[in-house]
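The block underneath contains the structure these notes are about, expressed in structure tokens.
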Amino acid sequence: MNLGQMLKIVLCSGLAVILLSVACSAAMRSPVNQTGKQESMTRKDINAVLKDHDKELLAIPGVVGVYVGLLPDDKTPCLKVMVVKETEDLKGRIPKSIEGYPVLIEESGVIRPLKGRIPSRS
């Protein structure tokens with residue numbers, strides 16, 4: 001083997017190592033959801049996610065409200081789904097996450113407007 005061939009082998013090997021380390025580094029930084037599928041690095045704003053999915057969540061019988069909240073760590077944003085009574089059926093119908101944001105179920109009971117009160121339209 002001559003010097004030119006050895007140089008080509010060394011350069012190709014070095015390039016392969018660099019490409020492999022870059023690919024591994026990117027894979028380590030990519031978020032992975034609960035199903036193990038890779039998600040995009042940029043997520044939609046949680047308020048936009050709520051707006052896109054509130055009607056479908058409110059259409060589930062027993063759901064009385066949805067809002068943006070925080071996980072128990074008081075730092076991580078999540079979607080909260082208020083239900084009259086938390087049941088196994090509702091747990092099965094409400095997704096665990098939506099567009100990468102966790103969803104928590106909160107038992108609130110029935111929600112009714114106060115009698116004699118007209119909401120202001122300011």
Side-chain angles (χ1 to χ4, degrees):
M1 192 181 298
N2 67 26
L3 186 60
Q5 290 174 325
M6 287 179 67
L7 187 57
K8 282 183 183 178
I9 291 171
V10 169
L11 288 174
C12 287
S13 298
L15 183 59
V17 168
I18 291 170
L19 291 174
L20 184 60
S21 64
V22 168
C24 288
S25 175
M28 297 277 292
R29 286 191 307 263
S30 294
V32 176
N33 66 19
Q34 292 175 345
T35 63
K37 293 181 182 171
Q38 195 169 333
E39 294 179 6
S40 168
M41 287 298 285
T42 58
R43 279 200 289 187
K44 201 182 329 180
D45 178 72
I46 193 165
N47 293 297
V49 172
L50 177 63
K51 185 178 178 188
D52 290 346
H53 296 275
D54 61 351
K55 288 177 183 54
E56 68 191 60
L57 291 167
L58 289 166
I60 299 171
V63 173
V64 293
V66 292
Y67 66 99
V68 173
L70 294 174
L71 290 179
D73 67 5
D74 288 328
K75 295 176 186 172
T76 309
C78 69
L79 298 173
K80 293 210 176 179
V81 178
M82 299 175 358
V83 298
V84 173
K85 180 153 181 67
E86 188 173 340
T87 64
E88 291 303 316
D89 179 54
L90 275 174
K91 286 182 190 178
R93 297 179 78 183
I94 296 171
K96 304 263 186 279
S97 69
I98 297 176
E99 295 192 38
Y101 291 102
V103 176
L104 296 182
I105 298 173
E106 190 173 88
E107 189 172 311
S108 64
V110 177
I111 297 178
R112 295 186 188 100
L114 294 173
K115 293 181 181 179
R117 295 281 198 133
I118 299 173
S120 66
R121 300 267 178 171
S122 24

Only pairs at least two apart or in different chains count here, so list each salt bridge (Lys or Arg N to Asp or Glu O under 4.0 Å) that has a residue in residues 48-57.
Lys44-Asp52
For a quick test of reading the model, state the closest non-hydrogen atom pair linking Pro77 to Pro102 and the distance between them.
O-CD, 3.8 Å
Do side-chain atoms of Arg93 reach the backbone of Ile60 as a donor and acceptor pair under 3.5 angstrom?
no
Which residue pairs satisfy the side chain to side chain donor-acceptor pair (under 3.5 Å) criterion with at least one member in residues 74-84, sequence neighbours excluded?
Asp73-Thr76
How would you list, by chain and number, every residue that makes a salt bridge (Lys or Arg N to Asp or Glu O under 4.0 Å) with Asp45, sequence neighbours excluded?
none
Which residues pass the side-chain contact (heavy atoms from CB on, under 4.5 Å) test with Leu70, sequence neighbours left out?
none
If you measure from CD1 on Ile46 to CG on Leu79, what distance do you get to the nearest 0.5 Å?
4.5 Å
Is there a side-chain contact between Val103 and Leu57 (heavy atoms, below 4.5 Å)?
no
With clusters defined by side-chain heavy atoms of hydrophobic residues (ILVMFWY) lying less than 4.5 Å apart, directly or transitively, does Val66 cluster with Leu71?
no
Salt bridge (Lys or Arg N to Asp or Glu O under 4.0 Å) with Glu86: which residues, sequence neighbours excluded?
Lys91
Examine Val83 and Leu104 and state if one hydrophobic cluster contains both, with Ile, Leu, Val, Met, Phe, Trp and Tyr joined whenever side-chain heavy atoms are less than 4.5 Å apart.
no
Transitive ILVMFWY cluster of Met82, excluding itself - 4.5 Å side-chain cut-off
Val64, Tyr67, Val84, Val110, Ile111
4.5 Å side-chain heavy-atom contact, Leu90 and Val81:
no
